[in-house]
Amino acid sequence: QVQLVESGGGSVQAGGSLRLSCAASGDTDSRYCMGWFRQAPGKERERVASIYTSTSATYYPDSVKGRFTISQDNAKNTLYLQMSNLKLEDTAMYYCAADAGLRVGRNRLCLNDFNHWGQGTQVTVFS
């Protein structure tokens, strides 16, 4: 089993920065893929960053590329999301997620379907 606990959310003025943290525990293999998702009221959940924990390869959608940075501290079992130049449209509940990945031959792919989720932390950007 995997446990994920987010922290660091809050209210910030547009243009400001915020760093989210996710303390992870449990089965390491099930945390091969780690990611941050967000969901605003009335909108679909969106993956905003993900990382392959073995290689640190990252993914960002265009909506946050250049503004968000995902990173991991393996010694602390903690995942981070550094958000800068925040915009009003970044307002959402942010979730930390983990998954074992889809095995393809000897490789594994991190797709959009994550099995383990935290409780979420609210980020509100105001003008």
Side-chain angles (χ1 to χ4, degrees):
Q1 215 22 296
V2 174
Q3 293 78 41
L4 304 170
V5 179
E6 303 97 333
S7 61
S11 296
V12 62
Q13 193 168 23
S17 299
L18 210 56
R19 188 177 79 160
L20 306 182
S21 300
C22 173
S25 61
D27 179 47
T28 302
D29 189 70
S30 296
R31 292 187 271 135
Y32 181 83
C33 307
M34 295 290 294
W36 288 97
F37 290 73
R38 69 184 179 188
Q39 188 165 23
K43 294 189 176 181
E44 292 189 356
R45 186 174 62 196
E46 174 190 18
R47 177 166 49 146
V48 296
S50 59
I51 187 168
Y52 286 76
T53 56
S54 61
T55 65
S56 295
T58 57
Y59 159 84
Y60 305 95
D62 289 342
S63 58
V64 306
K65 196 172 293 182
R67 300 189 299 119
F68 289 12
T69 302
I70 188 172
S71 62
Q72 57 182 348
D73 184 332
N74 292 330
K76 296 182 178 180
N77 283 322
T78 301
L79 183 75
Y80 301 100
L81 182 68
Q82 179 68 47
M83 304 182 292
S84 60
N85 191 21
L86 283 161
K87 304 177 180 181
L88 297 179
E89 52 264 39
D90 293 321
T91 294
M93 184 71 79
Y94 283 71
Y95 298 91
C96 175
D99 193 74
L102 175 68
R103 295 181 185 272
V104 181
R106 297 174 62 183
N107 299 316
R108 281 198 260 183
L109 298 177
C110 297
L111 303 178
N112 252 358
D113 295 325
F114 281 59
N115 273 323
H116 308 282
W117 296 86
Q119 82 288 351
T121 186
Q122 178 68 37
V123 171
T124 301
V125 183
F126 59 90
S127 59

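Just so it is clear, the values below take in all heavy atoms, side chains as well, and ignore hydrogens, waters and symmetry mates.
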Could you pull out the closest heavy-atom pair between [X] and [Y], with the gap in Å?
X      : Y      : answer
Tyr95  : Trp117 : CB-CE3, 3.8 Å
Val48  : Tyr94  : CG2-CE2, 4.4 Å
Leu4   : Cys96  : CD1-O, 3.6 Å
Ala100 : Cys33  : C-SG, 4.5 Å
Ala40  : Ala92  : N-CB, 3.9 Å
Ser21  : Thr78  : CB-CG2, 4.2 Å

Do [X] and [Y] touch side chain to side chain, with heavy atoms closer than 4.5 Å?
X     : Y      : answer
Ser25 : Val2   : no
Gln3  : His116 : no
Ser30 : Asn115 : no
Pro61 : Glu46  : yes

Go through the steps to decide whether Asn85 and Arg67 satisfy the test side chain to side chain donor-acceptor pair (under 3.5 Å), and finish with yes or no.
-> CA-CA 6 Å; Asn85 191 21; Arg67 300 189 299 119; 5.9 Å; no
Could you give the distance from [atom1] ([X]) to [atom2] ([Y]), rounded to the nearest 0.5 Å?
X      : Y     : atom1 : atom2 : answer
Asp90  : Met83 : CG    : CE    : 7.5 Å
Leu81  : Met34 : CG    : CE    : 11.5 Å
Asn112 : Ser50 : CG    : OG    : 8.0 Å
Leu86  : Leu18 : CG    : CG    : 6.5 Å
Lys43  : Arg38 : NZ    : CZ    : 8.0 Å

Same cluster (ILVMFWY, side-chain, under 4.5 Å), Trp36 and Met93 |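 No, Trp36 does not connect to Met93 through the hydrophobic network.
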Not counting sequence neighbours, which residues clear side-chain contact (heavy atoms from CB on, under 4.5 Å) with Gln119? List them please.
-> Val5, Glu6
Give a yes or no answer on whether the side chain of [X] reaches the backbone of [Y] with a donor-acceptor pair at less than 3.5 Å.
X      : Y     : answer
Thr124 : Ser11 : no
Gln72  : Tyr80 : no
Thr91  : Glu89 : no

Taking [X] first and then [Y], would you say they form a salt bridge - that is, a charged N and a carboxylate O separated by under 4.0 Å?
X      : Y     : result
Lys65  : Asp62 : yes
Arg108 : Asp29 : yes
Asp99  : Arg31 : no

Could you check Gln82 against Ser71 for side-chain contact (heavy atoms from CB on, under 4.5 Å), going step by step and ending with a plain yes or no?
-> CA-CA 8 Å; Gln82 179 68 47; Ser71 62; over 6 Å; no
Check the pair Leu109 / Asn107 against side-chain contact (heavy atoms from CB on, under 4.5 Å), numbers first and verdict last.
-> CA-CA 7 Å; Leu109 298 177; Asn107 299 316; 5.6 Å; no
Dump the intermediate steps for side-chain contact (heavy atoms from CB on, under 4.5 Å) on Val123 and Leu20, then the final yes or no.
-> CA-CA 9 Å; Val123 171; Leu20 306 182; 4.0 Å; yes
Can you check side-chain contact (heavy atoms from CB on, under 4.5 Å) on Val12 and Ser17, steps first, answer last?
-> CA-CA 7 Å; Val12 62; Ser17 299; over 6 Å; no
Sorted by chain and number, sequence neighbours left out, ring-ring contact (aromatic ring centres under 6.0 Å, His included) with Phe114 holds for Phe37
Lys76 pairs by side chain to side chain contact (heavy atoms under 4.5 Å, CB included) with which of Leu79, Asp73, Asn74?
->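 Result for side chain to side chain contact (heavy atoms under 4.5 Å, CB included) with Lys76: Asp73.
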Parallel, tilted or perpendicular: which fits the ring planes of Tyr52 and Tyr32, with parallel below 30° and perpendicular above 60°?
-> perpendicular
